**Student:** 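Let me begin by handing over the structure; questions about it come next.
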Amino acid sequence: MSSESPLPQPVRNVVVDTASLPASSTASVWDRVSKWVSENKALVYTIAGVAVVVTSAGVVYYLSDSSRPDQPPQPTEKPKKSKSQRRKEKEEKKRAEEKEKAKAAAVQDEKKKAEEAPEELPEVDETTVEQLSEETRKAYAAKLKAAGNKAYGSKDYDTAIELYGKAILCKPDPVFYSNRAACYSVLSEWEKVVEDTTAALSMDSEYVKALNRRATAYEHLEKFSEALLDFTASCIVDGFSNEISRVAVERLLKKVAEKKAKAILETKGKKLPSTTFVSNYLQSFRPKPLPEGLDESVDLSEDSGKGQLRKGMIAMAMKTGDGYEEAAAAFEKALELGDLGEFEALALNLRATFAYLEGNAQAAQADLNKSVEIQPSLVQSYIKRASLHLELGNKDAAVDDFELAISHNKDDADIYYHRAQLRFILGELAEAAKDYQKSIDLDRTFIYSHIQLGVTQYKMGSVASAMATFRRTVKNFEDVPDVYNYYGELLLDQQNFSEAIEKFDKAVEMEKQSKPMGINVLPLINKALALFQWKHDSQEAENLCQKALIIDPECDIAVGTMAQLLLQQGKVSQALKYFERAAELARTESEIINAISYAEATRTQLEVQEKYPQLAARLQSMGAGFGGAPSL
Ligand SMILES: *[C@@H]1O[C@H](CO)[C@@H](O)[C@H](O)[C@H]1NC(C)=O
Ligand SMILES: *[C@@H]1O[C@H](CO)[C@@H](O)[C@H](O)[C@H]1NC(C)=O
């Protein structure tokens, strides 16, 4: 299925989330979340790619998710118009336009006449209107409004504005305000549109036309959050039946998210992602000993390039957050100091690795380019550059880099493992399985090839082979927590909850025992999901996420899962905080946009609840109305 998703779209499946997939791990949290939501929702509408989920708690939220081609059918979707219908409508429109023209001409004539002999329109102003009876005012207002509509029809907007204004003087009415706003819209006087529609809405808060008009004006004024709120309210009022508003919600959500993401990116300094993320990425390459020339037999002072390189590699091997920070700084310094001799390509490779992790694709690419130029036999640089290409959506360049790597060292197991990851992400599962197998044949000791082979078999539908692969892998790598974690994910996917939880528990226990204490918190989060799905135990699930966040405070997957758990329970404002945190922790621009989309959808929901309590109530009844539609 991932073959349908354009790169760098993530792989959508909890089991294949595998943060060990360097190229796809970026969006993993949102894949998990989507999958999770699809399992727990009560009702989902799809608004042109934005899933609106109304949960049993009456909570609505949006999932901007273009990577979901397999959406369930849309309960509120109107059937598409047929061709003949469209043609008919077109003809009608044309006729109407002609009629309109004729009318306009007639009005023009009338107007001329009127100028010569003023027509019988009531003359009113603030003072005269006070002397009129209720009855007269009403009659005048109707007359003025009709004249206003006529002027509007003949595109004489200034006159229409004046007439509606007088009608309002006689008798304030939301329709008059909204019509005047329509005139201002045509004239692009957006501030005035906002003013008039706001007046209309203060009289009738569910006036859809006014809501849509104000939203459009806000959008022109680049007040995207306000526009989003209005379009959302409008969607709820008319039961999501208006395609234009539905599309607008999606568009605005994207605009808001992109604008905010840009601001975040501008202020965001260089920063490593969570320790879990860094570790998972680094261990997707087979560990190598310190090269001769950098080992302890050599006396290297810290103020030499080689000394810094050695220092960085030792720090990196500590597998802690501090160690990674230290390593990043040391590699930077190593290259500043220079005089690296035969290790220059390696130093470039390592600095690029941390630049990539910090989300600085440009710098990483420049370093890797230089690294392969200096020392083509260091094929890891090709592999890492391929990951980068993939993340930037350039699949062909990634493929080329693997070819180059193979041409320099066809027996490097890392190449096949990473090419398998690429193929996996592209949905070429049979090819991926072949590459994992080749990687295993070259080096059986690298556990992730086994794990990923099992996951790939599972995705190909060979459940029995997949489970056999995992049983074998558990036997051969019984002291590696990851194997239990991913085994558990497959079991969870099969709803084999008790077995899954047993595996997660085992992985958690082993992480605890390992020295230094393991920082991989995925098993904890997986257990949280399992408990939530199985026992609907949201409290325990929350506790487990909290635990994960104590171990790795910057773990985006824990933060995202927490947000969803809270949202699911209707704790919307708390959920919002976690979504915002997720945006802060996000590494790449698309990841930030994704996180902010969730945050903004949640914020909008909160605002709808606050500003339109009656609408929130209606949504609740909508959820109830669809009678707890079965989980799809
Ligand atoms: C690195 O090399 C690739 C070709 O493989 C090229 O497309 C890219 O622009 C280079 N990047 C930098 C930053 O030099
Ligand atoms: C759950 O998984 C275990 C393997 O760990 C298997 O023996 C058992 O039959 C499975 N149970 C179900 C209900 O599928």
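Below, all heavy atoms of this structure are taken into account, side chains as well, without hydrogens, waters or symmetry copies. Keep in mind that what you see is a predicted model, and the values were worked out from it rather than measured. In each ligand, atom 1 is the first atom listed, and ligand 1 is the first ligand listed.
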**Student:** Under the rule for side-chain hydrogen bond (donor to acceptor under 3.5 Å, both in side chains), what residues qualify as partners of Asn496, not counting sequence neighbours?
**Tutor:** none
**Student:** Testing the basics here: between Leu492 and Asn526, what is the closest heavy-atom pair and its distance to 0.1 Å?
**Tutor:** CD2-O, 4.3 Å
**Student:** Given Arg385, which of Asp367, Asp400, Asp401 fulfils the side-chain hydrogen bond (donor to acceptor under 3.5 Å, both in side chains) condition?
**Tutor:** Asp401
**Student:** Heavy-atom contacts with Gln365 under 4.0 Å: which atoms of ligand 1 show up? List them by number with element.
**Tutor:** 8 (C), 10 (C), 11 (N), 12 (C), 13 (C)
**Student:** Strictly below 4.0 Å, N to O, side chains only: are Lys547 and Glu540 in salt-bridge contact?
**Tutor:** no
**Student:** Applying salt bridge (charged side-chain N to carboxylate O under 4.0 Å, His left out), can you list everything that pairs with Lys506, at least two apart in sequence or on another chain?
**Tutor:** none
**Student:** Ligand 2: which protein N/O atoms lie under 3.5 Å from its N/O atoms?
**Tutor:**
| from | atom 1 | to | atom 2 | distance (Å) |
| --- | --- | --- | --- | --- |
| ligand 2 | 2 (O) | Asn496 | ND2 | 2.3 |
| ligand 2 | 5 (O) | Glu499 | OE1 | 2.9 |
| ligand 2 | 11 (N) | Asn496 | ND2 | 2.8 |
| ligand 2 | 14 (O) | Asn496 | ND2 | 3.4 |

**Student:** Sequence neighbours left out, cut at 3.5 Å: what donor-acceptor pairs do the side chains of residues 338-349 make with other protein atoms?
**Tutor:**
| from | atom 1 | to | atom 2 | distance (Å) |
| --- | --- | --- | --- | --- |
| Asn349 | OD1 | Lys384 | NZ | 2.9 |
| Asn349 | ND2 | Gln380 | OE1 | 3.3 |
| Asn349 | ND2 | Ser381 | OG | 3.0 |

**Student:** Under the ring pair (Phe, Tyr, Trp, His ring centres under 6.0 Å) criterion, do Tyr281 and Tyr356 qualify, and how do the steps go?
**Tutor:** CA-CA 10 Å; Tyr281 178 71; Tyr356 163 78; 5.0 Å; yes
**Student:** Which of the numbered atoms in ligand 1 are under 4.0 angstrom from any heavy atom belonging to Ala366?
**Tutor:** 13 (C)
**Student:** Within the structure, does Asn369 bring an N/O atom to less than 3.5 angstrom of an N/O atom in ligand 1?
**Tutor:** yes
